[in-house]
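Here the structure is laid out as structure tokens; the discussion comes afterwards.
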Amino acid sequence: MAMPTIKAVRAYTVRGGGADYHDTQGYHWIDDHIATPMARYEEYRQSRRSFGINVLGTLVVEVEASDGTIGLGVTTAGEIGAFIVEKHLSRFLIGRQVTEIEKIWDQMYFATQFYGRKGVVVNTISGVDIALWDLLGKLRGEPVHALLGGPVRDELQFYATGARPDLAKEMGFIGGKLPLLHGPAEGDEGLKKNIEKLADMRSKVGDDFWLMYDCWMSLDLNYSIRLAQKAQEFGLKWIEECLSPDDYWGYADLKRNVPKGMLVTTGEHEATRWGFRMLLEMDCCDIIQPDVNWCGGITELIKISALADAHGKLMVPHGSGVYSYHFVITRHNSPFTEIIMSAPNADEVRPAFSPLLLDEPVPVNGRMKASALDKSGFGVRLNPEVQLHRPYAS
Ligand SMILES: C[C@H](O)[C@H](O)CC(=O)C(=O)O
Ligand SMILES: [Mg+2]
């Protein structure tokens, strides 16, 4: 079957929410005194926005085929990403068959390797890759999950990340992941408060509900082990992203030293098959958590997921809403998935990319039927009311 070719690539930026879920305004639990690597500086401890966690903003990529069909991808990369798409990556797309996804990925990655490999460049590649999968699905009239081999189960199960696991339990989720509030710079007093918070939440949710701590790269090995040991009494299911993503050796040590039964997870700031190969071969964790928006997109996630499977590990993606759902439903080693509670008080379920995308399905009672994903491509569209800016139109 002759497929259309790619006729245009457009990159837009958006402020105030969308893919960059840290790009919030006013009070939001996600910006409220959370432990970070910058919390060693008192002036950056209270708010993550104070050190620029929201500086990138959202990148929207549109890839248009010769028949006018448009594939859409969004990610965290903002204006830098828009520059990379329009000035560098578009040359690997214009005039190509829309089915050339693997070759386009390879060319985007190796052409940017001298200034890329991880971070904002791979976020940007991910956004383009997602738009290509969306376009292919739309042209074939199939959901992306069908292109990936189809569902292996009838529904997705979710845990919720946010400040209120007690409310998440009432909403039907299988677990709640709390942000760790205090890091090593706040000493033993902070450690005590972290444990009190967990104990309080455990008393509210009962014994059978999963509770996890997200440490967002903010700890050192010793603090992580002490936290894990003290948290065991309160049934902490996993301890997440304790250390710098570059400290593979520290993660391997941590995994050997947490209490038996407690899981170590990481990977949301890791990228590509090579980064995840390090985590897997060095036995750094029990669950890897690539973010589809940041790890290289769907094309790279296929490889990362297979590597994890071959190592007997689970792959439970970080965030990325509908882009994760289409993948998770197709893989046995991804038995559940995450939703980050984007409501400021974590008291209601909102679509991950709201208000930027329309038609994104949300879990109901902590679950989502596979049939909710049965639309062409990723089944989402841009909200016409959201203002887009195209800084580098070529
Ligand atoms: C809550 C965490 O600090 C972060 O904002 C989100 C995250 O790491 C996760 O959902 O995982
Ligand atoms: Mg995390």
Side-chain angles (χ1 to χ4, degrees), residues 17-24 27-39 44-56 58 75-76 123 158-165 167-168 173-183 194 197-198 201 210-219 224 227 236-245 251 254 263-271 276 279 284-295 314-321 323-325 328 334 336-346 349-353 363:
D20 187 352
Y21 59 86
H22 288 121
D23 190 13
T24 57
Y27 174 79
H28 198 295
W29 70 264
I30 211 160
D31 196 48
D32 190 16
H33 197 117
I34 291 177
T36 77
M38 290 297 283
Y44 298 121
R45 202 172 285 163
Q46 180 54 36
S47 151
R48 302 203 276 188
R49 292 194 303 244
S50 71
F51 71 78
I53 199 170
N54 57 341
V55 77
L56 287 174
T58 293
T75 184
T76 316
N123 293 7
F158 286 76
Y159 76 87
T161 295
R164 298 296 303 270
L167 300 183
F173 290 100
I174 51 171
K177 189 170 77 188
L178 279 163
L180 189 80
L181 300 185
H182 308 281
N194 286 332
K197 177 95 199 159
L198 176 66
M201 210 38 86
W210 300 355
L211 283 178
M212 296 75 93
Y213 247 148
D214 190 312
C215 308
W216 212 75
M217 311 171 276
S218 62
L219 310 181
S224 307
L227 175 67
L236 191 73
K237 184 173 176 71
W238 77 61
I239 188 163
E240 176 168 323
E241 220 192 9
C242 294
L243 309 171
S244 160
Y251 276 107
L254 177 63
L263 305 174
V264 173
T265 71
T266 193
E268 70 187 69
H269 295 101
E270 190 53 87
F276 283 94
L279 288 178
C284 293
C285 57
D286 299 283
I287 302 179
I288 59 162
Q289 301 169 305
D291 188 309
V292 192
N293 268 334
W294 305 338
C295 73
L314 297 185
M315 192 288 289
V316 177
H318 168 258
S320 275
Y323 302 132
S324 292
Y325 311 157
V328 167
S334 305
F336 54 91
T337 196
E338 174 184 30
I339 185 162
I340 302 174
M341 300 298 267
S342 56
N345 293 304
V349 181
R350 292 184 186 170
F353 297 110

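Order of listing sets the numbers, starting from 1, for every ligand and every atom in it.
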Starting from the Mg ion (ligand 2), look over the N/O/S atoms of Asp214 and name the nearest one. OD2

Atom name of the N, O or S atom of Glu268 nearest to the Mg ion (ligand 2) is OE1

Aromatic ring pairing Phe336/Tyr159, orientation class (parallel under 30°, perpendicular over 60°, tilted between): perpendicular

To the Mg ion (ligand 2), the closest N, O or S atom belonging to Glu240 is OE2

Of all the non-hydrogen atoms in the protein, which one sits nearest to atom 3 (O) of ligand 1, and at what distance? Arg48 NH1, 3.1 Å

With heavy atoms of His22 as the reference, note each atom of ligand 1 found under 4.0 Å away. 4 (C), 5 (O)

Atom 10 (O) of ligand 1: closest protein heavy atom, distance to 0.1 Å, is Glu338 OE2, 2.5 Å

If the cut-off is 4.0 Å to any non-hydrogen atom of Ile340, which atoms of ligand 1 fall inside it? 10 (O)

Tell me which protein heavy atom sits closest to atom 7 (C) of ligand 1, plus the residue, atom name and distance to 0.1 Å. Asp214 OD2, 3.1 Å

Determine whether the aromatic ring centres of residues His22 and His28 are separated by less than 6.0 angstrom. no

Any non-hydrogen atom of Glu241 lying under 4.0 Å from ligand 1? no

Going by atom types alone, do Asp291 and Ser320 pair a side-chain donor with an acceptor below 3.5 Å? yes

Carboxylate-amine/guanidinium contact Lys177 Asp214, below 4.0 Å: yes

Heavy-atom distance to atom 1 (C) of ligand 1: which of Tyr21, Trp216, Tyr159, Trp29 wins? Trp29

Would the distance check show the side chain of Thr265 and the main-chain N or O of Ile287 forming a donor-acceptor pair, the cut-off being under 3.5 Å? no

Is there an N/O/S atom in Glu241 at a distance below 2.8 Å from the Mg ion (ligand 2)? no

Parallel, tilted or perpendicular: which describes the rings of His33 and His182, with under 30° parallel and over 60° perpendicular? tilted

For ligand 1, which atoms, with element, lie under 4.0 Å from some heavy atom of His318? 6 (C), 7 (C), 8 (O), 9 (C), 10 (O), 11 (O)

Quick one: does Gln289 get a heavy atom under 4.0 Å from ligand 1? no

With atoms numbered from 1 as shown, which atoms in ligand 1 lie under 4.0 angstrom from a non-hydrogen atom of Glu240? 9 (C), 11 (O)

What atoms in ligand 1 come closer than 4.0 Å to a heavy atom of Ile30? 5 (O)

Any luck finding a side-chain donor-acceptor pair between His318 and Glu268 under 3.5 Å? yes

Would you call the rings of His269 and Trp216 parallel, tilted or perpendicular, taking 30° and 60° as the class edges? perpendicular

Do Asn123 and Thr75 get their side chains close enough for a donor-acceptor pair, meaning under 3.5 Å? no

Are Gln46 and Asp32 linked by a side-chain donor-acceptor pair shorter than 3.5 Å? yes

